Structure formats: structure tokens, C-alpha cells
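Following: one structure in C-alpha cells, then a few remarks.
Since the structure is predicted, the reported quantities are computational estimates derived from the model, not experimental observations. Here is how names work: the chains are called A, B, and so on, in the same order as the sequence lines, proteins then strands, and each is numbered from 1.
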Amino acid sequence: MPELPEVETIVRGLQRPLENRRVVRARLRPTGLYRRSSLRVGWLVGRRIVRVERVGKNAVFRFDPPGIMTVNLGMTGQLLLFSSNDPGHTAPKKHLHGRFCLEGNLELRYYDARRFGYIYVAPSCDFAKDLHIGPDPFQCDARYLKKNLEGRKAPIKSLLLSQRIVSGLGNIYADETLFDARVDPRTRGGRAVARSRRILSSARRILERAIVHRGSTIRDYRQPDGAEGGFQHLHAVYGRKGQPCVRCGTPIKKIVLSGRGTHFCPSCQS
DNA sequence: AGCTTCGCCTGCTTGC
DNA sequence: TGCAAGCAGGCGAAGC
């Protein structure tokens with residue numbers, strides 16, 4: 001599932017090929033993939049992509065004349081790049097929902113098997129207001145996190161998953177972060193305030209390492225050129241139920257927390 | 001208001 | 001072996 005490191009990798013892979021190219025044709029179906037109140041992608045035709053960037057878990061495309069498209073990949077979304085004058089490329093059609101043809105015979109395709117992703121097209125976007133997302137772990141400090149955990153009763157894991165406080169963490173990296181910080185995922189937010197600094201620095205460390213390894217491919221995630229990520233081999237807890245903790249050897253436990261599979265070491269996370 | 005659960009959706013895994 | 005139920009989960013909406 002594309003979280004911050006995966007989206008960062010995708011965005012970096014798209015910047016050079018896409019920036020400064022004009023949209024020649026754009027199509028997206030079904031309309032259920034649009035976020036409420038979004039314009040249709042046809043509105044982008046004739047506009048030039050001036051910048052590709054990441055905001056939380058969203059890939060964001062900025063255009064001139066002014067316009068913006070945000071892509072949230074949900075669980076199984078993919079943004080793949082094809083050269084339309086390369087007859088050898090065999091692009092699957094299954095789950096292909098979006099096609100963006102650009103100058104220079106480039107085609108950006110949007111695939112999403114489960115269709116949990118969504119796309120938002122608008123003249124401009126206020127991310128906090130329109131997408132309900134807060135700063136990512138690289139954009140906030142421990143004081144901010146502390147302030148937002150105070151008095152909260154929900155488990156720290158659930159609070160980290162909420163994109164409103166801190167954006168970018170999903171199920172994999174929330175588990176990995178809390179393991180790194182040695183914090184039990186069931187700890188109530190208010191009880192984790194004193195460990196805000198450690199949690200934040202763990203999040204940054206984990207995310208940086210994951211970016212270096214180009215994200216985690218569990219099943220669907222791919223880079224724009226179709227390659228898999230490599231960080232899945234370095235997970236300490238996610239997907240390691242029953243296997244020995246890399247720190248203390250205790251079997252990793254898997255529980256359900258706020259409806260999410262949650263992996264942790266019952267011995268060294270407290 | 002804060003927190004949890006539900007529904008969306010498909011494909012892989014599990015169990016009979 | 002084959003089929004159906006179970007499970008996975010990001011996110012918004014609904015429910016408590």
C-alpha cells in the first residue's frame with residue numbers, strides 16, 4: 001500500500017520525465033474515482049505540468065495555466081509511465097482506469113485493482129482544508145506532535161494512522177515506527193506524550209530508510225517503471241507474526257487495533 | 001468532539 | 001479439486 005516512501009519514490013520517478021510536458025489527452029473512468037467536487041481530467045488538456053511533488057501520501061501535479069491534480073493511490077493504485085512510441089511495451093489493460101497522454105509520446109497510466117484510490121482536480125487546493133491532512137513527519141516538530149497527542153484516548157497507532165495529525169504513515173510504517181520507538185501500539189495518545197520526540201525521530205528514521213530502498217512492495221506497489229521496492233525485506237515487525245523479534249527474540253504478535261492488523265513485539269515495546 | 005465501525009472493492013488464502 | 005467464505009486495508013461517512 002503506497003505510503004509516504006512509496007509515493008515519494010513514485011514522485012521522484014515522475015519528475016524528470018513529466019515536468020514541462022503538456023497534457024495532450026486525458027481520460028479517467030469510472031467517475032467514482034473522482035473525489036467529491038473534483039473537476040474532470042479533461043480540464044487538464046492543454047495545460048503544462050510544471051511540478052510533481054508529494055503531499056502526505058498524495059502525488060500532486062501542478063499545472064500552468066494554474067491547476068492541480070492530486071492522486072491518492074489508496075491500497076492498490078499504481079502510476080506507471082509508458083512510452084507510446086515503443087511498440088514493444090506490453091501494458092496490461094486490467095484495472096487500467098486513467099490515461100494521460102503527454103507531449104513527447106509519453107503516457108502516464110493509472111491502475112487500481114481495488115479502486116480505493118481517488119483523484120482530485122481543481123484550480124487550486126488547500127491540503128489541510130480540502131484533503132484533511134496535516135504535516136508529514138519531516139514537516140513538524142516534537143512539540144506539535146506532543147500538543148496533538150495530549151488528552152487523546154485513542155491508541156497511539158490509530159492516531160498515527162489518522163492523516164489529520166501527521167500525514168504519510170500507513171499501516172506498515174506506523175507499526176515499524178512504534179517498534180523502532182519501543183512504544184506499545186495500544187498506548188493511549190495522552191500516555192505517549194512524553195515519548196513524542198522519540199516517536200517522531202523514529203518515524204523520520206524509518207521513512208528515510210524506506211525511501212532509500214524505494215518503498216515496500218507487499219503485492220501491488222510498483223515504481224513508475226514497474227520495478228518493485230526493496231524495503232519489505234527490512235521490516236522488523238510488519239508481516240512477521242510469530243517470527244522472532246530482531247531485538248530480543250520474542251515472537252512478534254499480531255492483534256487488531258481499531259480494525260487494523262497491528263504487529264509488535266510484546267516484550268520490548270511497552 | 002473523539003473514537004470506533006462500516007462500506008467500498010478485488011484477489012489471494014484458508015477451510016471444508 | 002473446487003468453491004465459498006475470510007481476510008487485507010486507506011479513507012470518508014455513519015454511528016455511538
Assign G117(A) to base, sugar-phosphate, or nothing according to its heavy-atom contacts below 4.0 angstrom with the strands shown.
nothing
Measure CG/L161(A) against C1'/dG10(C) and give the value in whole Å, please.
9 Å
dT4(B) phosphate, OP1 or OP2: any side-chain N/O from K157(A) under 4.0 angstrom?
no
Y118(A) over dC11(C), stacked by centroid distance under 5.5 Å, angle under 30°:
no
Name the residue closer to the 5' end of DNA chain B, choosing between R260(A) and A154(A) according to the nucleotide with the nearest heavy atom.
A154(A)
I want to check one thing: is the phosphate of dC11(C), taken as OP1 and OP2, less than 4.0 Å away from some side-chain N or O of Y120(A)?
no
Rounded to the Å, how far apart are L159(A) CG and dA1(B) C1'?
14 Å
Classify the nucleic acid contact of M1(A) as base, sugar-phosphate or nothing, counting any heavy atom under 4.0 Å across all strands shown.
sugar-phosphate
To the nearest angstrom, the CD-P distance between Q232(A) and dA8(C) comes to 19 Å
Ignoring hydrogens and angles, tell me if any N or O in the side chain of Y110(A) forms a donor-acceptor pair with the backbone of F100(A) under 3.5 Å.
no
Hydrogens and angles aside, do Y144(A) and Q139(A) bring a side-chain donor and acceptor to less than 3.5 Å of each other?
no
For the residue pair H263(A) and D175(A), confirm or rule out a side-chain donor-acceptor distance under 3.5 Å.
yes
Whole angstroms only, please: what is the OH-C1' distance between Y34(A) and dC11(C)?
20 Å
Are L108(A) and V7(A) connected into the same hydrophobic cluster when the rule is that any two of I, L, V, M, F, W, Y join if their side-chain heavy atoms are below 4.5 Å apart?
yes
Note: for R152(A) and R219(A) on DNA chain B, the residue whose nearest nucleotide lies more 5' is R152(A)
Which part of the nucleic acid, if any, lies within reach of P155(A) when heavy atoms closer than 4.0 Å are counted: base, sugar-phosphate only, or nothing?
sugar-phosphate
Modelled atom types, side-chain donor and acceptor of D220(A) and T76(A), under 3.5 Å:
no
Is it the case that the side chains of D136(A) and S167(A) hold a donor-acceptor pair, with the cut-off being a distance below 3.5 Å and no angle test?
no
Counting side-chain heavy atoms from CB outward, which of dT10(B), dG10(C), dC3(B) is closest to M75(A)?
dG10(C)
Are OP1 or OP2 of dC11(C) and a side-chain N or O of K57(A) less than 4.0 angstrom apart?
yes
Do the side-chain N or O atoms of H95(A) get closer than 4.0 angstrom to the phosphate oxygens (OP1, OP2) of dC9(B)?
no
What is the separation between atom CZ on F116(A) and atom P on dG9(C), rounded to the nearest whole Å?
11 Å
Interatomic distance, I133(A) CD1 vs dC11(C) P [rounded to whole Å]:
9 Å
First of R36(A) and E3(A) reached from the 5' end of DNA chain C, by closest nucleotide
E3(A)
Is K94(A) near enough to dG11(B) that one of its side-chain N or O atoms lies under 4.0 angstrom from OP1 or OP2?
yes
Would you say R164(A) places a side-chain N or O within less than 4.0 Å of OP1 or OP2 belonging to dG2(B)?
no
K241(A) atom NZ is separated from dA8(C) atom C1', nearest whole Å, by 13 Å
Does the side chain of N72(A) get closer than 4.0 angstrom to OP1 or OP2 of dC11(C) through an N or O atom?
yes
Expressed as a whole number of angstroms, how long is the span from E6(A):CD to dG10(C):C1'?
13 Å
I want to check one thing: is the phosphate of dC11(C), taken as OP1 and OP2, less than 4.0 Å away from some side-chain N or O of Q163(A)?
yes
